[in-house]
Amino acid sequence: MCGIVGYTGNRPVLPILIGGLKKLEYRGYDSAGCAIVTGEGRMEVYKATGKVANLEDKTRECNNHGTLGIAHTRWATHGVPSVTNAHPHVSQSGNLAIVHNGIIENYATLCEQLKKRGYTFKSQTDTEVIVQLIEYIMTIRDCDLAAGVLSALKLCIGAYAIAVIDRRNPTRIVAARKSSPLAIGVGEGNGEFFIASDASPIAEYTKKIVYLNDEEVAIIEKGKELQVENIRTGSVDFEIKDIDLDLTMLDKGGFPHFMLKEIFDQPAVLKDCMRGRVIAADGGYRVILSAVEQHKQKLVNASRFTIVSCGTSWHAGLIGKQLIEHFCRIHTEVAYASEYRYNDIVVDPGEIVIAISQSGETADTLAAIEAARERGAMVFGIVNSVGSSIARRADTGTYVHIGQEIGVASTKAFTGQVTVLAMFALALGMERGSVDPAEYNEVLRELTLLPDKIERVLQQNDKIRDMARTFTYARNCLYLGRGWNYPVALEGALKLKEISYIHAEGYPAAEMKHGPIALIDQDMPVIFIAPHDRLYHKIISNMQEVISRKGRIFAIITENDHTIRKICSDVIEIPETPACLSPLLSVVPLQLLSYHVAVAKQLDVDQPRNLAKSVTVE
Ligand code: M6R
C-alpha cells in the first residue's frame, strides 16, 4: 500500500527517490510521483500512472540537480488511479508539496471550509486537503512549515504518514505519522536524512533508523539535529535504532519472482525461525521462547486466548487455535481483526490477545489490539517485521524471523507464523503441565526435521507446474481439508484467488455436502488436502462424493499412500509428520500451484492487481 520516500542532504535526490520507490513496489500501488527542489528553490513535480518505471521515464527529461525531494507510490482510496490524483500534491501557491499514506476521514468538511476561503482543488484525493490546510495556516499565522504541519494535523481525523516540503527552504522535510508507518534514516556523518515507509529504501545508505510514533512530527533538516514533536504535548525524546534487515532478502536471488524465491526460501528461513529456540537438550529437545519465560505467570494462568489477524495471518491463527487448545488446553478464539475492532467485544479477566501479522502494519490488526488493550487485555505479538507498529504496541511477543517478505502473496510468513505458534503452544503447554512429555519431545524433534521435509516437497515443483496447466482454464476451484488442514484449504484458495484471479473457495471437506456440492461438475477442479491423519478415512468418503458427480480431483497425500492413488491420479506427496505439523508441508504444494497458474496465465505474480503488501488503511 502507498509508499513514501524522501531525502535531504548533499546527494542528487532523484536516483535516491526512484531507487527507493522501486524498493517499495512490493507494497502494491497504481501510480507514482516525486517532487524535487533545487538549491535555488525551484520545485519540479513528476507523476505517472502504472509502474515506477513509467515515472522514471518521465524524469529522464529532468535536469534538476536538487538535493531535497519526496516521492510516493499511490494505492487509490479517494479518486481513481490517475496522474492528477497521484502524489505529490502541491499547495495553491505552488510552494508546498505533500505525499501521504492513509485516509483523512474529515477531508470533505475541511475541503468545504477551505473552499469558502478561496482554495480550489485539482484532485479527488483527501491528501490535497492536508497541503492546502497547512498552507492556509502558514499564511494566516505567518508561521513556518513545521508549525503549519503541527497545527494542521490537530484538525485532521484519520490515519496519515506524510512528508511535506516547502520550496522556499530547500533543506527541510517535515514528516509525521498516525496509524501509518514512517521511518527516518539518520545518515552517518554528513547530516543527511532519509525517510521511507519501511527500512528497505533506507538500509543501503544507513543502519540508523528512527521509527516515529503516532501523532509525532519530525523536523528533518540537512546538517541539523533531528527534532521530533508530539502534536499535542510538544518535544519528545526518540530512540535511534539499528536497522535489522538482511539486504539479500531484497533481491530475487536468481528466481524469476519474489514469490517463488520465498517459497523456496522456506527450509532456510524456518531454520532461522527456530534457531536458538528449539534446542537439543538432555537427549531430547526443548523449546525456549523468551517472551514465554518472561511472562510465564500471566500466560500459564490465561483464562483464554483471542487471536486477531487478517488474511493469511488469520489462517495461521486458525491453526494456532488448534495448537493452543491441543497442547495447552486453553480455550482460544480466532477473530478477523477488521470485525473484532468494531464488535462489542467482551474481554475476560486474564484474557490474552495474540496479534499475528507479517508486516506489523496492518491497520485492522493494529486497531484490534488497541481495542483489546483498552479493555485490559495483555497483547502478545507474533510479528515478522522488526520494529513495526504492531511489534511496538504489543506488550510482549515473538518475532517470526523469516526475513522480509516481498511477494504480495504471503508464503514463508505463513509457515513461519505456524512454526512460532507451534513453539509457543509447546512451550506454554510444558509450563502448564498440559502436554504429554513424549509428544512434546516428538513434535519438537519433528519440527527440526521439517526444513528437510519441505525440501522434498519442493522437489516436486516440475510436477506441480505441469498440473497447474489444467487450472489456467478453470473459472472456479474448490479446496477441501479437514481438522488441521481445513485452514490450509482456506489458504490454498486465497493464494489462487489473489494471484491467478480464479474464484476459489476453501471449505471443510464434510461441509461440502451442505451446499457447495451443487457446484461440482467436470469443469470444477477440487483439491483435497488429505494427509494420513485421524480424519483420513472420512476425507476419502468426501472424495468419493466428488468423483461420483464427475468432479476432477487433485490430492495432497502422505508419501506411500496407495489407497488415494487408486482413486486419484493427480497427487502430490508430502512426507510423514505429526498431524499438527502437517499444514507446514501441505501448504507448500498449494503455494507452488497458485504460483504456476499465475505464471501460465502471464499475470504479475509479485504485484497482483488491486492488492497491497501491507494494508495500512482500514
Ligand atoms: O501483514 P499482515 O500479515 O498483517 O497481512 C495480513 C493480510 O493482509 C495478508 O496476509 C494478505 O491476506 C496476503 N496478501 C495474503 O497472501
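Please read all numbers here as calculations on a predicted model, not as lab measurements. Counting starts at 1 for both ligands and their atoms, following the listed order. The figures here come from the full heavy-atom set of this structure, side chains too, leaving out hydrogens, waters and symmetry mates. The first residue of the sequence shown is numbered 1, and numbering continues consecutively from there.
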Starting from [atom], what is the nearest protein heavy atom, named by residue and atom, and what distance separates them?
{"atom": "atom 12 (O) of ligand 1", "value": "G311 CA, 3.3 Å"}
{"atom": "atom 6 (C) of ligand 1", "value": "C310 O, 3.3 Å"}
{"atom": "atom 8 (O) of ligand 1", "value": "V615 CG2, 4.0 Å"}
{"atom": "atom 5 (O) of ligand 1", "value": "T362 OG1, 3.5 Å"}

Compute the centroid of each ring, for F380 and then for F424, and state whether the two points are separated by less than 6.0 Å. yes
Between F258 and Y26, is the ring centroid distance below 6.0 Å? no
Over 60° means perpendicular and under 30° means parallel, so classify the ring planes of H257 and Y595, tilted if in between. perpendicular
Angle class for the H100/H87 ring planes (parallel below 30°, perpendicular above 60°, tilted otherwise)? parallel
Atom indices of ligand 1, in the order listed, that fall short of 4.0 Å to a heavy atom of [X]:
{"X": "T312", "value": "10 (O), 12 (O), 15 (C), 16 (O)"}
{"X": "A409", "value": "16 (O)"}
{"X": "S313", "value": "2 (P), 3 (O), 10 (O)"}

Heavy atoms only, cut-off 4.0 Å: how does K495 contact ligand 1, side chain, backbone, both, or neither? side chain
Heavy-atom distances under 4.0 Å decide this one: backbone, side chain, both or neither, for E498 against ligand 1? side chain
If I apply the N/O under 3.5 Å rule, does Q358 come out as touching ligand 1? yes
Ligand 1 N/O within reach of K613 N/O, cut-off under 3.5 Å: no
Does a side-chain heavy-atom distance below 4.5 Å link V287 with M274? no
Given side chains that start at C-beta, do those of C2 and H72 come closer than 4.5 Å, heavy atoms only? yes
Please tabulate, for the side chains in residues 475-483, all donor-acceptor contacts under 3.5 angstrom to protein atoms that are two or more places apart in sequence or on a different chain.
from: N476; atom 1: OD1; to: H503; atom 2: ND1; distance (Å): 2.9
from: R482; atom 1: NH1; to: N542; atom 2: OD1; distance (Å): 3.3

Looking only at heavy atoms of V408, does any of them come nearer than 4.0 Å to an atom of ligand 1? yes
Does one side chain, of E333 or T306, offer a donor that lies under 3.5 Å from an acceptor on the other? no
